[in-house]
Amino acid sequence: MTVSFLILAVVTVAGTAAAMGLRNAVHCVLALTVGFVGIAAIYLQLDAQFVGLTQIMVYVGAVAILAVFAIMMTHSPTSVQLPAYSSFWLAGSVVAAAVFAVLAWAISLSPAYTRQAPQEPDVTAQKIGDALMHRFVLPLEIMGLLLTAALIGAVVIAMDRKEEMK
Amino acid sequence: MSPLGSYLLLSSLLFSIGLAGALTRRNAILVLIGIELMLNAANINFIAFWRYGPAPAALTGIMFAIFSISVAAAEAAVGLAIILAAYRHSQTTDLDQMNSLKG
């Protein structure tokens, strides 16, 4: 395990753990952006520069902002005094810890655990674009259709119905 | 570089943190964020297996991660729209108070 990986892992885990543990929802999203940046840095360390920058643009730039807007739009004065955790938080934590224990046990037994990285692949944005336009063109088109349908659906769902009735 | 197992352990830890958040938080938006964290943990696995796999020149891991990020973005937009619609209906995002399916 290298020092750079340890630093990135600690930053990522601390950010995401704070995002799931803090009481104030806005603080949670701020901690979450730290975790997302850490994940993007891990992609960069794995020589996937395009995915790392996509992660920063989509998650840090769009999803986190969207979550902050949603928190502000649903903020009601009474929700501050309510407890942050649900009534069955103990069972949920035990389930999550059990899932991690099983996954870590399986990973540590696997022969892939000690596998070392092969030679650094030569991945450029041009090669990714070529692959998207030739071999993966059908998934790309379906993804465009899905994004269009999802955005129209999101607008229709979030639309205020009272405006329609007038 | 670190061995493949360290990346897998990190991603399983992130998955468990997201699962714990999705199961224990009361705010619906934070539950959605927990689900996003679980998707991110899966993406780290895609990239790690691509980098340590036998044929990284085929770019399949990168493509899978890019499409997974796009689907997660669409999911976040629709999920937050549903939360906004539910908030307009019940005036709360507290999941313990949203316990009625009838209008």
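Order of the sequence lines fixes the chain letters, A, B, ..., with proteins taken first and strands second; residue numbering starts at 1 for each chain.
With ring centers used as reference points, B:Tyr7 lies under 6.0 Å from A:Phe5.
No other option in B:Ser70, B:Gly18, B:Gly79 has as many heavy-atom pairs under 4.5 Å with chain A as B:Ser70. For the options A:Ser108, A:Ser93, A:Gly35, A:Ala70, heavy-atom pairs under 4.5 Å to chain B are most numerous at A:Ala70. Residue with the most contacts toward chain B among A:Val63, A:Ile39, A:Val94: A:Ile39 (heavy-atom pairs, distance under 4.5 Å). Options A:Ala62, A:Ser87, A:Ala104, A:Ala25 differ in how many heavy-atom pairs under 4.5 Å they form with chain B, and the most are formed by A:Ser87. Of the listed residues (B:Leu8, B:Ile82, B:Ile29, B:Val78), the one with the most heavy-atom contacts under 4.5 Å to chain A is B:Ile29. With respect to chain B, the highest number of heavy-atom pairs below 4.5 Å among A:Leu147, A:Ile107, A:Thr12, A:Val29 belongs to A:Ile107. Highest contact tally toward chain B, considering only A:Ala150, A:Ala117, A:Ala19, is held by A:Ala117 [criterion: heavy-atom pairs under 4.5 Å]. Among B:Leu37, B:Ile83, B:Leu84, B:Ile66, the residue with the largest count of heavy-atom pairs under 4.5 Å with chain A is B:Leu37. Options B:Leu32, B:Ile44, B:Val71 differ in how many heavy-atom pairs under 4.5 Å they form with chain A, and the most are formed by B:Ile44. Residue with the most contacts toward chain B among A:Ala64, A:Gly153, A:Pro121: A:Pro121 (heavy-atom pairs, distance under 4.5 Å).
No side-chain heavy atom of B:Asn27 sits under 4.5 Å from any side-chain heavy atom of B:Asp94. A 4.5 Å side-chain heavy-atom check between A:Thr54 and A:Tyr59 finds every atom pair outside the cut-off. Using a 4.5 Å cut-off on side-chain heavy atoms (C-beta onward), A:Leu132 and A:Val137 make no contact. Using a 4.5 Å heavy-atom cutoff, the side chains of B:Pro3 and A:Gln116 are in contact. A heavy-atom distance below 4.5 Å is found between the side chains of A:Lys127 and A:Asp122.
In this structure, the portions of A:Ala9 lying under 4.5 Å from any heavy atom of chain B include both its backbone and its side chain.
Side-chain contact check for B:Asn40 and A:Gln55: at least one donor-acceptor pair (N or O, by modelled atom type) lies under 3.5 Å.
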